Amino acid sequence: MSRTIIVSNRLPTKIQRTEESLTFQPSEGGLATGLGSIYRQDGNVWVGWPGLFVEDAAEEEYVCEQLSHDSMVPVFLTEAEIRDFYEGFSNSTLWPTFHYFTQYATYEQEHWDAYVAVNEKFCRAVLAQAGPEDTIWVHDYQLLLLPEMLRLERPEATIGFFLHIPFPSYELIRVLPWRAELLRGMLGADLIGFHTFGYMRHFLSAVQQLLGLSSQNGQIDVPDRMVLVDAFPMGIDYKRYVRAAASEAAKMHEANYREALREVRVILSIDRLDYSKGIAQRLRAFELLLQRYPEWREQVSLIMVVVPSRDQVAQYASLKEEIDELVGRINAQYRTITWNPIHYFYRSFPLEELASLYRLAEVALVTPMRDGMNLVAKEFVASKADKKGVLILSERAGAARELSDALIINPTDMGQLAEAMHDALVMPEEEQVQRMGAMQALVRQYNVFAWTKLFMARLEYSKMKQHTMATEKLTPATTAGLLAEYHATDQRLLLLDYDGTLTGFHANPQRAQPDQELLLLLRALTENPKNRVIIISGRDRTTLEAWLGHLPVDFIAEHGVWLRPAGEEWQLFQTLNNEWMREIRPVLELYVARTAGSFIEDKEYSLVWHYRRADAELGAVRARDLLNHLTFMTSNSDLQVMEGNKVIEIKTAGINKGTAASRWLATYQPNFMLAIGDDRTDEDTFRAMPPEAYTIKVGTDSRSLARFHVASTTDVRHLLRQLL
Ligand SMILES: O=P(O)(O)OC[C@H]1O[C@H](O[C@H]2O[C@H](CO)[C@@H](O)[C@H](O)[C@H]2O)[C@H](O)[C@@H](O)[C@@H]1O
Ligand SMILES: O=c1ccn([C@@H]2O[C@H](COP(=O)(O)OP(=O)(O)O)[C@@H](O)[C@H]2O)c(=O)[nH]1
Ligand SMILES: [Mg+2]
C-alpha cells in the first residue's frame, strides 16, 4: 500500500531532558499543531528532528523505539548542526529574508554548508523510509533543497512541497547569495504549495527572473518535468478546537481565571516569541488605547502568551528583553492595586488551557508584521461556540486572505490598532455574531483535513499531467502502423509546421528558405489527390506565399490569423484590429535598443521580438524583463503574449494554430490525420486533434501533447518520404 512520508524539520513531538528522564510533549508552532492531526492515518510516517541531543547509542535506540509507536522517525542533529543549520541558515538567513526583515539576515558560508549537509541527512533518512510507491511530502523553509536531492535519487518519485512561511517578493529573494540553488531545490517537487496566491505569484516571478523558467497556469517546465505551483491556505483541526473549548477542563480553567479577573474584560494575544509577530508594536498600541481612552483603564486587560522560541538566535534574545521591559514599564505606569493592564506569560500552555483563554477573551489580537498563515486566528474562531468575540487581524497574515470578517488592520499603524481595539470592545453583539458566524463557516469547511485532501489531489493531478505530456518515440513498428493506415485511407490531412519541423533554424529567419529537397517532397505529397497538405506556421503570409505559394498546398499563417486553401484567396480567420500595435511597438523598440542583435518582426496582426542573434545570456535576461513588461501592459486586454523558440510574440487572444486546424478538420472530415510540429504553438494543434490522429513532436524535449516524438527535421523528412 502506498503511504505518505511527511518530512519537516521539527517532529510534532518534542523531547526534553529532565534530571531523571526524557519527557515527550507536543511541539508548538503552526506546522506541528496543524499537521499533527492527520499524519497518523493509513500507516503514514513523519520524519523530523525530535528537539533533543542524544547522549549515546542506547538513548538513540530508546528514542527511535518510543517514537516509532507513534509513527515518527527521528533525524538526530548535533549541536553544531543546530547552531549552523537551524539557528544559522534557517533562522538567521531564510526566516528574516522571507519575512521581509532583511536587515536581520546574515550570510555565512558555514551556515550554508551546514544547511546543505543537513538537507542531505534528511534525504538519507527519507530514502530509508520511502518505498517507490510512497508519496513524499516535504515541509517548510528548513528543507528547501530536499525535493531536488530526493529527485536525483528517485527520478520517478511523487514529491510534494509546502512552504508554511511567506514567499517574499523577488526583490528580497535576489538578495540571497544562494538564491538559485534554493529555487532549484524546491523545483525537485512535482507540486509546490503556498498559503496564498500572493506568495505563489512571488515564487513564479522569482523562478522566472532568476532561473529563466516561465510558467503557464502555475505550471513550470523544468528540463525533464512539469512542476505544478498552487495556493492551499492551511486550516486547523476544527473539531479538535471545538471539543477542547467545550471540555470540562477548559470550562473549569475559565471559571478560575474569571474569578481572579473579576469583571475585567480580556484581550488575548498568543504567539511564539518572534519579531515577525509584531509583539512590541502590539504592546505600544495597547498602551495607546489606555492613553486615548482612559475609560478602559481598570476595565480591560491584555493577556499575552509568548511561547519561547529560537532563543539562541541574537535577534530573538534581544526581542525578549525589549518585551520584558515594555511590559514592565506599561504595567508599572498604569497598574492599580486591583488591576493589572498586562498579564504576561513567557511559556507554553497545554491545549485545554489555551482553549480556556480562547473562551475567556472577548477580543483576539493577531497582529503580525508578516505571518505565513497564523493558526491562532483560526483557533480563536473555532473556539467561540456562542459566536461572541472579535478578531483583530493583521492584513499581512496569510489568514487575512480568508478571514475578511475580522477587523483587518495594518500592524504598523499604532493609531488604527488602538482604534480597532476600542471598536472591538464596543461592537454590538449582533455584529459580532454575524462576523464570527461567517468566519466559523469558513474555518469549519476548509479545515486541515480538507487542506491535505486538496493538496494530495493536486499532487496526483500533477503526476497525471506529467504522464499525458510523456510521448512515445516514433519507432519503426509505429511507423509501419502509420503507413498501413495511410495507405488504407483516401481523405488525408497532413498538418505540417514549417520552422523547426520541415527546416532547421537560422540566425536570420529570412534565410530559412526551403531547399530543393523539401520543395520536391512537398510537390510529391500534393500530387496524390488523396492528400491535403497544410503548412501551418507562425510566419507571415507574404513569406510563406513567396517560398511555397507555387505549390498546391493550403496555408495557415501567423498562427491562425490568415488562412488560404490551395488555389483560393487569403482570408482572415476573423475580423481583427491592430490598433494595439501603436502602444506595444515602442516597448519592443526599447528592448531592441537595449539588446544588440535583437529585432522586431512586423506581421499584419502580430508583433514579434526576436533575440536569437543577441548574446545568449543578455537575450535571456531581456526576454524575462520584456515578458514581465508585456504581461503587465496586456492585462485587461484581449491580447496574448506567447513565448516561442527565442522569440516573444504578441497577438490577439483566442486565435491559434489549434482553432485554425479545427476549421480544416470540420471542413474536410478526413479519415487520416497527421500533425507535426516542434514548439509551444504547435501544442495548440495537437490539442485540437482527435485521439486517433498521428501527432508528432519534433526536438530533444519530448514532452508534448503529441502521441509521438522524433528527434529532428531529418527524421520528419524521412517519414514524409516513406509516405510516397
Ligand atoms: O520549529 P520552530 O523553529 O520552533 O518554529 C515553529 C514553527 O514555526 C513556523 O510556523 C509556520 O507554520 C504555520 C502553519 O502553516 C503558519 O501558520 C505560520 O504562519 C508559520 O510561521 C515554521 O514555519 C515551522 O517550520 C516551525 O516549526
Ligand atoms: O502555548 C502555546 C501557544 C501556542 N500553541 C500553538 O502554536 C501554534 C502557533 O501557530 P501559528 O500558525 O499561529 O504560528 P507559528 O508559531 O507557526 O509561526 C498554534 O497552533 C497554537 O495553538 C501551543 O501549542 N501552545
Ligand atoms: Mg516550428
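Remember, it's 1-based here, ligands and their atoms both numbered in the order they're listed. Hydrogens, waters and symmetry mates play no part in the numbers below; they use all other heavy atoms, side chains included. Model, not experiment: these values are computed from the prediction. Position 1 is the first residue of the sequence, and the numbers go up from there.
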Side chain, backbone, both or neither: which part of M234 has a heavy atom under 4.0 Å from ligand 1? side chain
Measure centre to centre between the rings of F122 and W49, then say whether the value is under 6.0 Å. no
Report yes if the distance between the aromatic ring centroids of Y104 and Y275 is under 6.0 Å, otherwise no. yes
Can you confirm whether or not the ring centre of F345 sits under 6.0 Å from the ring centre of F349? yes
Does L354 approach ligand 2 within less than 4.0 angstrom via side chain, backbone, both or neither, non-hydrogen atoms only? side chain
N/O/S of D679 less than 2.8 Å from the Mg ion (ligand 3)? no
Output yes when the distance from some N or O of ligand 1 to some N or O of N374 is under 3.5 Å, and no in every other case. yes
Does the residue E379 have a heavy-atom contact with ligand 2, meaning some pair of atoms that are separated by less than 4.0 Å? yes
Name the orientation class of the two ring planes belonging to Y115 and F89 (parallel below 30°, tilted from 30 to 60°, perpendicular beyond 60°). tilted
Relative to the heavy atoms of D371, which atoms of ligand 1 are at a distance of less than 4.0 Å? 18 (C), 19 (O), 21 (O)
Is the Lys NZ or Arg CZ of R10 less than 6.0 Å from the centre of W46's six-membered ring, within 45° of the axis? no
For this output row, return yes or no: ring centroids of W451 and Y446 closer than 6.0 angstrom. no
Which atoms from ligand 1 have a heavy atom of I165 less than 4.0 Å away? 23 (O)
N/O separation below 3.5 Å, D140 to ligand 1: yes
Considering distance alone, does some N or O of Q142 sit under 3.5 Å from an N or O of ligand 1? yes
For N374, which part has a heavy atom under 4.0 Å from ligand 2: side chain, backbone, both, or neither? both
I would like to know whether K378 and E402 meet salt bridge (charged side-chain N to carboxylate O under 4.0 Å, His left out); could you show each step before the answer? CA-CA 10 Å; K378 295 187 173 182; E402 298 168 89; 2.8 Å; yes
At a 4.0 Å cut-off, with the gap strictly under it, does some heavy atom of E353 reach an atom of ligand 2? no
Can you find an N or O of N9 that's nearer than 3.5 Å to an N or O of ligand 1? no
Using a strict threshold of under 4.0 Å (side-chain N to carboxylate O), is an ion pair present between R717 and D515? yes
Would you say H99 and ligand 1 have an N/O pair spaced under 3.5 Å apart? no
Working to 10°, measure the angle at the Mg ion (ligand 3) formed by atom OD2 of D497 and atom O of D499. 80°
